[in-house]
Amino acid sequence: MSEFQKKFDKAIINIVSNIPKGRVMSYGEVARAAGFPRHARMVSKAMSRSSKPLPWFRVVRADHTLAFAAHSEYFIKQKKLLSREGVLIINGKVVPLQTDKNKMLDEVLWGPE
DNA sequence: CCCTTGACTATCT
DNA sequence: GAGATAGCCAAGG
């Protein structure tokens, strides 16, 4: 394993494992939060290499769609895992189950900031 | 080295 | 808003 992967994986895994239940982050956001901007495409590989289980299903594309091919095995699996915690996929896009009516959709999705 | 491959993104049409 | 396009960047062949 390259030195890059060692540090990268550690940082990515740390971020992903801390995504709260019912919330999602984009690959780019995870990469940025981990201190590796422009490495969105490598986030998935880091997660795959993780030895411990991760809430990988809480990571979606920046446009709110799932990264897996529609109808693929993992697409179905991710959709199910997310719906289990109140995050639904409608028309291929992530939509949170109605929660706080006073919050804007983006805030419910991506959190207050 | 050069080329291809992604669980990606931002920016046009 | 769905496609196409051009960046992106480490890995592997």
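Side chains are part of it too, since the values below use all heavy atoms of this structure and drop only hydrogens, waters and symmetry mates. Letters A, B, ... are given to chains in the order of the sequence lines, protein chains preceding strands, and every chain is numbered from 1.
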A:Tyr74 OH to B:dA7 P: how many Å, rounded?
12 Å

Which residues pass the side-chain contact (heavy atoms from CB on, under 4.5 Å) test with A:Ala40, not counting sequence neighbours?
A:Tyr27

Qualifying residues under side-chain contact (heavy atoms from CB on, under 4.5 Å), relative to A:Tyr74, sequence neighbours excluded:
A:Trp56, A:Phe68, A:Lys77

List every contact pair, protein side and nucleotides 11-13 of chain C side both N or O, where the distance is under 3.5 Å.
| from | atom 1 | to | atom 2 | distance (Å) |
| --- | --- | --- | --- | --- |
| C:dA11 | OP1 | A:Ser2 | OG | 2.5 |

Atom CD1 of A:Ile12 and atom P of C:dA10: how far apart are they, to the nearest Å?
13 Å

Stepwise side chain to side chain contact (heavy atoms under 4.5 Å, CB included) check, A:His39 with A:Arg32:
CA-CA 8 Å; A:His39 285 66; A:Arg32 275 200 304 279; over 6 Å; no

Sequence-aligned protein contact record of nucleotides 8-13 of chain B, with B where the base is within under 4.0 Å of a protein heavy atom and S where only the sugar-phosphate is
BSS---

Test side-chain hydrogen bond (donor to acceptor under 3.5 Å, both in side chains) applied to A:Arg41 - qualifying residues, sequence neighbours left out:
none

Look at the aromatic rings of A:Phe8 and A:Phe4 and report parallel, tilted or perpendicular, splitting at 30° and 60°.
parallel

Test log, rule side chain to side chain contact (heavy atoms under 4.5 Å, CB included), inputs A:Val16 and A:Val30:
CA-CA 7 Å; A:Val16 174; A:Val30 170; 3.8 Å; yes

When the C1' atoms of C:dG13 and B:dC1 are considered, how many whole Å apart are they?
12 Å

In a check of side chain to side chain contact (heavy atoms under 4.5 Å, CB included) between A:Gln78 and each of A:Val59, A:Val87, A:Val60, which one passes?
A:Val60

Please write out each protein N/O paired with an N/O of nucleotides 1-5 of chain C under 3.5 Å, distance rounded to 0.1 Å.
none

Over how many whole Å does the gap from A:Phe68 atom CZ to B:dG6 atom P extend?
13 Å

Working for side chain to side chain contact (heavy atoms under 4.5 Å, CB included), residues A:Leu66 and A:Leu82
CA-CA 11 Å; A:Leu66 300 192; A:Leu82 284 176; 4.2 Å; yes

Verdict with supporting geometry, A:Met25 and A:Arg58, side chain to side chain contact (heavy atoms under 4.5 Å, CB included):
CA-CA 6 Å; A:Met25 277 199 214; A:Arg58 305 211 262 247; over 6 Å; no

Hey, are the side chains of A:Leu54 and A:Ile13 touching, using non-hydrogen atoms and a 4.5 Å cut-off?
yes

Whole angstrom value for the distance that separates C1' of C:dA10 from CG of A:Asp9
11 Å

When you check the gap from the basic side-chain N to the acidic O, do A:Arg23 and A:Glu85 get nearer than 4.0 Å?
no

